[in-house]
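Side chains included, hydrogens not; waters and symmetry mates left out as well; all remaining heavy atoms used. Numbered from 1 within each chain, the chains take letters A, B, ... in sequence-line order. Everything quoted here is computed from the prediction, not taken from an experiment.
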Number of protein chains: 2
Amino acid sequence: MTERTLQQLKTAETEKISHLDYFNIGISVDCVILGYDEKELKVLLIKSDMQEFSGLYSLLGDFIKPDEDLEAASYRVLKERTGLDDVFLEQVKAFGNITRHPSGRVITIAYYSLIDVRNHKLQLDLNELHWHPVNEIKKLAFDHKQILDTCLGRLRQQVMEHPVIFNLLPEKFSLRELQKLYQAILGVELDRRNFRKKISIKDWLLDIDEMEVNVPHRPGKLYTLKKQYRNKAAKNVVLQMA
Amino acid sequence: MTERTLQQLKTAETEKISHLDYFNIGISVDCVILGYDEKELKVLLIKSDMQEFSGLYSLLGDFIKPDEDLEAASYRVLKERTGLDDVFLEQVKAFGNITRHPSGRVITIAYYSLIDVRNHKLQLDLNELHWHPVNEIKKLAFDHKQILDTCLGRLRQQVMEHPVIFNLLPEKFSLRELQKLYQAILGVELDRRNFRKKISIKDWLLDIDEMEVNVPHRPGKLYTLKKQYRNKAAKNVVLQMA
DNA sequence: AATTAATGTGTAATAAGTACATATTTATTA
DNA sequence: TAATAAATATGTACTTATTACACATTAATT
């Protein structure tokens, strides 16, 4: 902020009209909540009942409260919608086209969140929330398709560099499950031996000396993410990037 | 945005108190305007005259107008402050801690911009703007040091992947100049032969069959960035990432 | 007992990254 | 004008990472 803008802020605080000029922009957060289930990457959506978007789904979001940090607002949306609070969440980008919201000017800050669907009990029914396979989504309300695509792009960018993908898996998982998940996110087939070599070089995993159970084939070893890489808070990820 | 939040928006529009609840957050853009001069990476700063930050410098920013796109706001700041309009600009991150602005709640969206200092005539004197070597900056007003560091991190991340660095150089440049700039940004020494190999593999450059002049040593060849990579608009970069 | 569907493992070939030295060119200086 | 300074231009051996690819083994199911 600069001198001149502070000047403007002070002016805005004393004059009613200026105040409205500078403060009638709404600010929201929107969360791309991703889960992995039945071999697909899915996103949590709610049906839009806005006339403009009838029949379309939208991301989960809410307005930011004046006394609420950005991260707090996105965690609150998650908590309110899913009941979860110990989840991975990272800011991706602000979206602010003038026309993006039919009811007025709303700038939104997009976050993406990764959730282990199997392990957490979500309270989906209460809110008419549903998981939708990301690959089948053609159109969403507002600019939410663009937000979704941007967040998926960020996820793909992060996934080979940082151990974020494990937030989508249960604590114990096999290398097959992990590889399938990478393939679902990256949209490519990976060679099994090369994949295992690559993962083992990163040294993220701990062999816990347990085996898969209830699989209709030879069970694989189970692994877990090493403790030092378990960073669910967005803060940690942000620090890594800086 | 969801049903419930739209509900809230509509409520906010009709009730005075709720309106103030949801709309008394200020939104600004702040620009990390980077230039390269005299072998150093520099950032354009203005002296803060807020009491809270006396003696400190701050980034260039302004409030977003209700009828103004985010990108338009940051381009406007650049244009007003430097007179430039054909520059590289990319959004990095929103910063929204409750306490980040002493005068009230202000969420800011940070952009970074890359400018060829030698080629553009900046109107710096009018605004009391000055270039500061980024390596000498210890403290800035607001959370601007954190914003600067985050933007520099983003720049470092981009610089080997995408041809953005050329926005800091004149149209024609030698490989020595390019290497010095990479070194300034990345903070490392690079081997000259390996650097040239790496750059030539990327196939970004066009040999224009000209030589440096007025250098106190053997002149090097001059190169220019191939036309297909000249993307100054932030839009293009965003698309690449998605 | 046979079948199914996985697991677990290694090597050769190619590509990319790193470390490193010498002859050449131009401007400057003695 | 000869010597010096400061850079340019260029290649190879070594190491590391990536890719392509096949077979014996295990447990559950039929």
Side-chain angles (χ1 to χ4, degrees), chain A residues 36 38-40 118 156-163 165 169-170 172-225, chain B residues 36 38-40 118 156-163 165 169-170 172-225:
Chain A
Y36 175 65
E38 295 169 33
K39 311 188 189 338
E40 277 186 309
R118 278 171 278 183
R156 285 186 198 109
Q157 205 181 47
Q158 298 269 22
V159 98
M160 292 310 295
E161 307 293 321
H162 302 285
I165 203 171
L169 289 174
K172 303 170 182 182
F173 49 86
S174 68
L175 291 177
R176 171 179 37 77
E177 291 173 293
L178 183 61
Q179 182 180 344
K180 290 273 180 201
L181 177 49
Y182 268 102
Q183 292 176 163
I185 289 173
L186 298 174
V188 293
E189 291 284 298
L190 301 171
D191 176 86
R192 190 156 50 96
R193 277 169 294 185
N194 294 342
F195 173 77
R196 285 166 184 235
K197 198 193 301 176
K198 206 163 190 170
I199 290 294
S200 82
I201 284 167
K202 296 202 185 291
D203 203 33
W204 289 339
L205 301 187
L206 194 65
D207 179 342
I208 55 171
D209 197 31
E210 291 183 47
M211 304 298 276
E212 283 183 297
V213 290
N214 295 327
V215 285
H217 52 75
R218 173 179 174 181
K221 281 184 171 184
L222 290 177
Y223 295 83
T224 193
L225 180 65
Chain B
Y36 175 63
E38 294 169 34
K39 309 182 190 341
E40 278 185 309
R118 279 172 278 183
R156 285 188 197 107
Q157 205 180 48
Q158 299 269 22
V159 100
M160 292 310 295
E161 306 292 322
H162 303 286
I165 203 171
L169 289 174
K172 302 170 182 182
F173 50 85
S174 67
L175 293 176
R176 172 178 36 79
E177 291 173 293
L178 183 63
Q179 183 180 345
K180 290 275 179 199
L181 176 51
Y182 269 102
Q183 292 177 162
I185 289 173
L186 298 173
V188 294
E189 291 284 297
L190 301 172
D191 177 85
R192 190 154 49 97
R193 277 168 294 186
N194 294 341
F195 173 76
R196 286 167 184 234
K197 198 195 301 177
K198 206 163 190 171
I199 289 294
S200 83
I201 284 167
K202 295 203 184 291
D203 202 34
W204 289 339
L205 300 188
L206 194 65
D207 179 343
I208 55 171
D209 198 31
E210 290 182 49
M211 304 298 275
E212 283 183 298
V213 290
N214 294 327
V215 286
H217 51 75
R218 172 177 174 183
K221 282 182 171 184
L222 290 178
Y223 295 83
T224 193
L225 181 65

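With contacts defined as side-chain heavy-atom distances shorter than 4.5 Å, the pair B:Pro163/B:Leu225 qualifies. Residues B:Thr224 and B:Leu205 fail the side-chain proximity criterion, which asks for heavy atoms closer than 4.5 Å. You'll find the side chain of B:His162 stays beyond 4.5 Å of the side chain of B:Gln157, heavy atoms only. Counting heavy atoms from C-beta on, the side chains of B:Leu222 and B:Met211 never come closer than 4.5 Å.
A search for side-chain hydrogen bond (donor to acceptor under 3.5 Å, both in side chains) contacts involving A:Glu161 returns nothing, not counting sequence neighbours. For A:Pro216, there are no side chain to side chain contact (heavy atoms under 4.5 Å, CB included) partners two or more places apart in sequence or in a different chain. Under the rule for a salt bridge (Lys or Arg N to Asp or Glu O under 4.0 Å), B:Arg218 has no partner lying at least two apart in sequence or in another chain. Considering only residues two or more places apart in sequence or on other chains, B:Lys198 meets the salt bridge (Lys or Arg N to Asp or Glu O under 4.0 Å) condition with none of them. With sequence neighbours left out, A:Lys202 forms a salt bridge (Lys or Arg N to Asp or Glu O under 4.0 Å) with no residue at all. A:Asp209 meets the salt bridge (Lys or Arg N to Asp or Glu O under 4.0 Å) test with no other residue; sequence neighbours excluded.
A centroid separation of 6.0 Å or more is found between the aromatic rings of A:Tyr223 and A:Phe173.
B:Glu212 has no carboxylate O lying under 4.0 Å from a charged side-chain N of B:Lys172, or vice versa, which leaves the two without a salt bridge. Salt-bridge annotation for B:Lys221 and B:Glu210: absent, with no side-chain N of the basic residue lying under 4.0 Å from a carboxylate O of the acidic one.
Remark: B:Val215 in residues 205-215 of chain B come within less than 4.0 Å of DNA chain C through at least one heavy atom. Of the residues in residues 172-195 of chain A, those with a non-hydrogen atom less than 4.0 angstrom from any atom of DNA chain C are A:Arg176, A:Arg192, A:Arg193. For DNA chain C, the residues of residues 216-224 of chain B within the heavy-atom distance limit of 4.0 Å (strictly under) are B:His217, B:Arg218, B:Pro219, sorted by number.
Extent of DNA chain D lying under 4.0 Å from chain A heavy atoms, first and last nucleotide in 5' to 3' order, is D:dT19 to D:dA28.
A salt bridge (charged side-chain N to carboxylate O under 4.0 Å, His left out) check over residues 177-197 of chain B, counting only residues at least two apart or in different chains, returns the pairs B:Arg118-B:Glu177.
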Atom pairs under 3.5 Å, N or O on each side, protein against nucleotides 14-16 of chain C: can you list them with distances?
none

- request: Verify side chain to side chain contact (heavy atoms under 4.5 Å, CB included) between A:Gln183 and A:Phe195, making sure each step is shown before the conclusion.
  value: CA-CA 10 Å; A:Gln183 292 176 163; A:Phe195 173 77; over 6 Å; no
